[in-house]
> 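If you scroll down you'll find the structure; I have some questions about it.
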2 protein chains.
Amino acid sequence: MRRMTARPANAHQARLLRALRDSGPNSRAQLGDETELSRSKLAVEVDRLLETGLVVADGLAASRGGRRSHNIRLAPGLRFLGVDIGATSVDVAVTNAELEILGHLTHPMDVREGPVAVFEQVLNMVQKLRDSGVADGFDGAGIGVPGPVRFPEGVPVAPPIMPGWDGFPVREALSQELGCPVMVDNDVNLMAMGEQQAGVARSVRDFFCVKIGTGIGCGVVVGGVVHRGMTGSAGDIGHIQVDPEGRQCACGNRGCLEAHFSGAALARDAEAAAREDRSVELAGRLEAAGRLSAADVAAAAAAGDGVALDLIQEGGARTGQVIAGLVSFFNPGLVVIGGGVTGLGHHLLASIRTQVYRRSLPLATGNLPIVPAELGPAAGVTGAVRLISDHLFSPA
Amino acid sequence: MRRMTARPANAHQARLLRALRDSGPNSRAQLGDETELSRSKLAVEVDRLLETGLVVADGLAASRGGRRSHNIRLAPGLRFLGVDIGATSVDVAVTNAELEILGHLTHPMDVREGPVAVFEQVLNMVQKLRDSGVADGFDGAGIGVPGPVRFPEGVPVAPPIMPGWDGFPVREALSQELGCPVMVDNDVNLMAMGEQQAGVARSVRDFFCVKIGTGIGCGVVVGGVVHRGMTGSAGDIGHIQVDPEGRQCACGNRGCLEAHFSGAALARDAEAAAREDRSVELAGRLEAAGRLSAADVAAAAAAGDGVALDLIQEGGARTGQVIAGLVSFFNPGLVVIGGGVTGLGHHLLASIRTQVYRRSLPLATGNLPIVPAELGPAAGVTGAVRLISDHLFSPA
DNA sequence: CGTACTTCTTCCTGTTACGGGACAAAGACG
DNA sequence: CGTCTTTGTCCCGTAACAGGAAGAAGTACG
């Protein structure tokens with residue numbers, strides 16, 4: 001299949017492409033309404049896009065009362081690849097240019113095995129997707145890694161949980177493998193972009209997105225744009241202090257949020273409770289599985305286990321405490337809670353909400369929804385394809 | 001004097017005006033270099049600006065090796081007014097279009113006396129400045145108030161420390177009085193803009209500016225633009241919790257930063273120490289003045305008083321603790337510390353730095369200057385005139 | 001002092017972008 | 001079948017714009 005070589009030649013074409021991406025196939029007339037381009041200009045630019053093959057005609061549009069219009073859509077053969085490397089798993093997905101997921105694979109994998117092993121796994125999964133027929137080649141790829149990234153170069157910098165990745169040229173390597181443009185970002189930023197593209201944050205311009213997985217991170221969106229900070233480490237809230245006399249954290253400090261609540265901390269606490277026989281429910285699960293995870297705590301809580309509920313409640317309170325501070329500082333229009341522990345569901349959310357609404361000023365919380373993420377495991381890969389398509393659908 | 005009626009007609013003119021504002025009188029050639037406009041375009045736009053009277057010719061520029069150029073400068077008669085209403089004082093300043101302060105008055109005043117009284121005071125001071133001859137009328141005014149503002153309307157909303165101001169049409173009222181455009185913002189945001197315009201933050205695009213005065217607030221600048229948040233309360237960090245079992249705060253919660261450290265809290269603590277005879281130095285000052293302020297603590301610390309130093313050290317640690325969290329979240333390129341208590345000087349700064357560098361990740365703090373504000377009492381008014389000039393020097 | 005070279009400004013022209021009117025095409029509606 | 005609406009195309013006048021040419025006003029140097 002011929003791959004996308006052309007790029008929008010100007011800002012107008014870029015706007016048209018994004019409009020087509022976000023609202024699907026569209027008639028010229030509707031496009032004109034949306035982008036507020038004059039008819040002549042629209043005709044010229046659409047014709048050029050048709051020439052380059054980025055968009056194609058696609059049957060007739062529904063009539064709006066007069067002559068029927070021909071639909072325009074992004075070339076149906078375009079394919080984007082989204083890769084989400086988590087601490088303990090890898091997600092790979094293929095989408096069309098409208099960012100609809102055509103194929104999605106997940107594989108458990110420890111990121112600490114290093115970039116070479118992980119890349120091998122990713123390329124394996126990509127091959128599987130190729131074999132399944134959803135894609136031949138790719139026009140662009142986005143990839144997220146669980147640590148800070150020097151964004152312009154697409155290189156992880158000083159990632160705490162993934163030694164061996166520091167300085168590894170992720171962008172360059174993947175681009176070489178796939179033969180297409182690649183963009184790299186923090187996995188949490190991608191989650192935020194995913195929710196902004198296709199999830200709960202679709203119409204919000206200032207929000208943040210807390211991801212509670214193995215660790216805790218936070219994607220910050222200001223004016224519709226991801227805020228990455230000076231060194232790409234914005235949103236790194238896992239090591240904010242929640243208790244001066246709190247637990248020792250791997251980072252060397254005391255009382256970090258992550259030490260008190262995260263997928264890893266929760267599992268540890270649950271196992272401790274099980275061993276100390278404080279919870280029959282958890283003890284049984286530990287017996288059965290040999291170890292516990294956040295999912296076990298969720299299940300125990302759903303079964304009414306008091307200890308599990310307490311763990312969730314306290315974790316939510318800790319998280320809420322931090323979020324309350326950030327809400328005061330940032331005054332967002334929405335807070336999204338996502339990540340592996342979203343299985344903890346309503347209990348966690350309620351606990352967070354209580355804390356935030358109690359601790360932040362009414363002016364900031366008055367109209368502040370705190371909601372669970374909508375996309376689940378697809379958020380990361382959706383954000384990844386959004387990232388690369390934003391890049392490609394922008395004027396050169 | 002004829003007042004500015006014209007506004008830049010397009011983005012190019014706006015850019016030219018801002019360039020002239022920020023780098024002073026300039027030759028056409030240099031302007032061309034700075035704004036990267038073609039000679040023809042530059043000539044046309046400059047001519048139009050000359051016609052409208054916004055800029056004037058101003059003698060010959062220094063030669064750069066060939067024919068000398070005529071200088072262009074912003075009309076010397078343009079006058080902006082900056083008003084900074086603090087919790088306990090009012091600042092009023094007049095600047096020219098290059099935002100150089102031509103006259104500056106300060107007057108102690110309790111904002112709780114309400115908008116009518118404060119406005120009367122402000123207008124009084126304005127009249128004094130007028131009488132001194134630095135200005136006749138004004139082409140625009142910026143005004144800062146110590147509380148959240150609904151920015152587009154220029155109206156304070158639910159300000160905790162200034163009851164009676166809620167909903168008062170500050171913008172409308174001042175505009176009526178002065179007969180010129182007015183913009184209103186939070187005083188802390190203005191301080192940040194001031195430091196960005198003429199202080200330490202001149203070349204930084206992402207930073208925040210912590211103002212420790214009667215209360216504590218924080219101006220957040222993202223990509224060179226002040227971030228005001230959804231309801232205009234961004235940066236309201238005074239009520240972030242620093243100690244779950246901490247002091248009771250006026251807001252109803254426990255352990256707010258402001259309850260533990262701020263101009264007001266510091267004075268209270270110092271008086272307590274004086275009464276309990278823990279510090280001879282402070283007791284003496286209390287005796288002399290009848291009450292203590294942050295300045296007294298600063299003086300006592302300078303004299304080597306241990307209690308005063310401890311107070312500063314602990315306050316700095318509390319503040320640093322909060323800032324550390326915000327640094328992790330936001331990853332700024334600079335942190336500015338300002339406000340009334342900057343008199344506390346190096347001790348405070350050192351204490352804050354220690355805490356931030358210890359508690360935030362190296363990636364975020366590695367190249368993070370934490371510096372005192374440069375402009376002192378002029379920051380607010382400078383930010384205010386910057387605000388209005390940004391507004392006026394933008395395409396209609 | 002004169003000549004060569006720079007820099008700066010103005011004038012001019014060809015190109016491109018753009019908006020909107022006129023008109024044709026295609027369907028909706030009665 | 002006729003009329004109305006919507007859509008797409010063509011076309012033209014206007015404005016924006018870049019860059020060349022030439023003149024004005026300096027400097028550098030013999």
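Quick note: numbers below take in every heavy atom, side chains included, and nothing from hydrogens, waters or symmetry partners. Proteins get letters first, then strands, A, B, ... in listed order; numbering begins at 1 in each.
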> Enumerate the salt bridge (Lys or Arg N to Asp or Glu O under 4.0 Å) contacts for residues 387-396 of chain A, please, sequence neighbours excluded, ordered by first and then second residue.
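Pairs touching residues 387-396 of chain A that pass the test: A/R18-A/D390, A/R21-A/D390, A/R386-A/D390.
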> Can you tell me how far C1' of D/dA25 sits from NE2 of B/H70, to the nearest Å?
9 Å
> Using modelled atom types only, decide if a donor and an acceptor are shared between the side chain of A/E195 and the backbone of A/E374 within a distance under 3.5 Å.
yes
> What's the CD-P distance between A/E45 and D/dG8, to the nearest Å?
16 Å
> Could you list the residues that satisfy salt bridge (Lys or Arg N to Asp or Glu O under 4.0 Å) with A/E45, not counting sequence neighbours?
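Salt bridge (Lys or Arg N to Asp or Glu O under 4.0 Å) list for A/E45, sorted by chain: A/K41, A/R48.
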> When the distance from CZ of A/R48 to P of C/dT16 is rounded to whole Å, what number comes out?
10 Å
> Quick check: does any side chain N or O of A/R79 sit under 3.5 Å from a backbone N or O of A/V134, one acting as donor and the other as acceptor?
yes
> Show the distances under 3.5 angstrom between N or O atoms of the protein and N or O atoms of nucleotides 26-30 of chain C.
{"residue": "C/dA28", "atom": "O4'", "partner": "A/G65", "partner atom": "O", "Å": "3.4"}

> Which residues pass the side chain to side chain donor-acceptor pair (under 3.5 Å) test with B/N26, not counting sequence neighbours?
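Per chain and number, B/N26 pairs via side chain to side chain donor-acceptor pair (under 3.5 Å) with B/E34.
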> Has the side chain of B/R205 got a donor or acceptor atom that lies under 3.5 Å from a matching backbone atom of B/G333?
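No, the answer is negative, given that no donor and acceptor are paired below the 3.5 Å cut-off.
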> If we ignore hydrogens and angles and just use 3.5 Å, is the side chain of A/Q197 paired with the main-chain N or O of A/G383 as donor and acceptor?
no
> Is there a residue in residues 24-31 of chain A whose heavy atoms reach under 4.0 Å of DNA chain D, and which residues are they?
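Nucleic-acid contacts, sorted: A/R28, A/A29.
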> With A/S132, which residues qualify under side chain to side chain donor-acceptor pair (under 3.5 Å), at least two apart?
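A/S132 satisfies side chain to side chain donor-acceptor pair (under 3.5 Å) with no other residue.
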> Just to be sure I understand the geometry, which residues of residues 7-16 of chain A put a non-hydrogen atom under 4.0 Å away from DNA chain C?
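A/H12, in order of number.
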> Measuring only between side-chain heavy atoms, which start at C-beta, is B/L392 closer than 4.5 Å to B/F80?
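A side-chain contact exists here, since the closest heavy-atom pair is under 4.5 Å.
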> Grab the CG-C1' distance between A/L37 and D/dG8 for me, whole Å please.
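Whole-Å distance recorded here is 16 Å.
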> Check side chain to side chain donor-acceptor pair (under 3.5 Å) between A/H12 and all other residues, then give those that pass, not counting sequence neighbours.
none
> Just jot down the salt bridge (Lys or Arg N to Asp or Glu O under 4.0 Å) partners of B/R130, sequence neighbours excluded, or say none.
none
> Applying side chain to side chain donor-acceptor pair (under 3.5 Å), name anything that partners B/T95, two or more places apart in sequence or on another chain.
none
> Only distances under 3.5 Å count here; give the side-chain donor-acceptor pairs of residues 68-75 of chain B to other protein atoms, sequence neighbours excluded, each with its distance to 0.1 Å.
{"residue": "B/R68", "atom": "NE", "partner": "B/A61", "partner atom": "O", "Å": "3.1"}
{"residue": "B/N71", "atom": "OD1", "partner": "B/S27", "partner atom": "N", "Å": "3.2"}
{"residue": "B/R73", "atom": "NH2", "partner": "B/E98", "partner atom": "OE1", "Å": "3.3"}

> Under 3.5 Å, which N/O atoms of the protein pair with N/O atoms of nucleotides 19-21 of chain D?
{"residue": "D/dG19", "atom": "N7", "partner": "B/S40", "partner atom": "OG", "Å": "3.3"}
{"residue": "D/dG19", "atom": "O6", "partner": "B/S40", "partner atom": "OG", "Å": "2.8"}
{"residue": "D/dG20", "atom": "N7", "partner": "B/R39", "partner atom": "NH2", "Å": "3.1"}
{"residue": "D/dG20", "atom": "O6", "partner": "B/R39", "partner atom": "NH2", "Å": "3.3"}

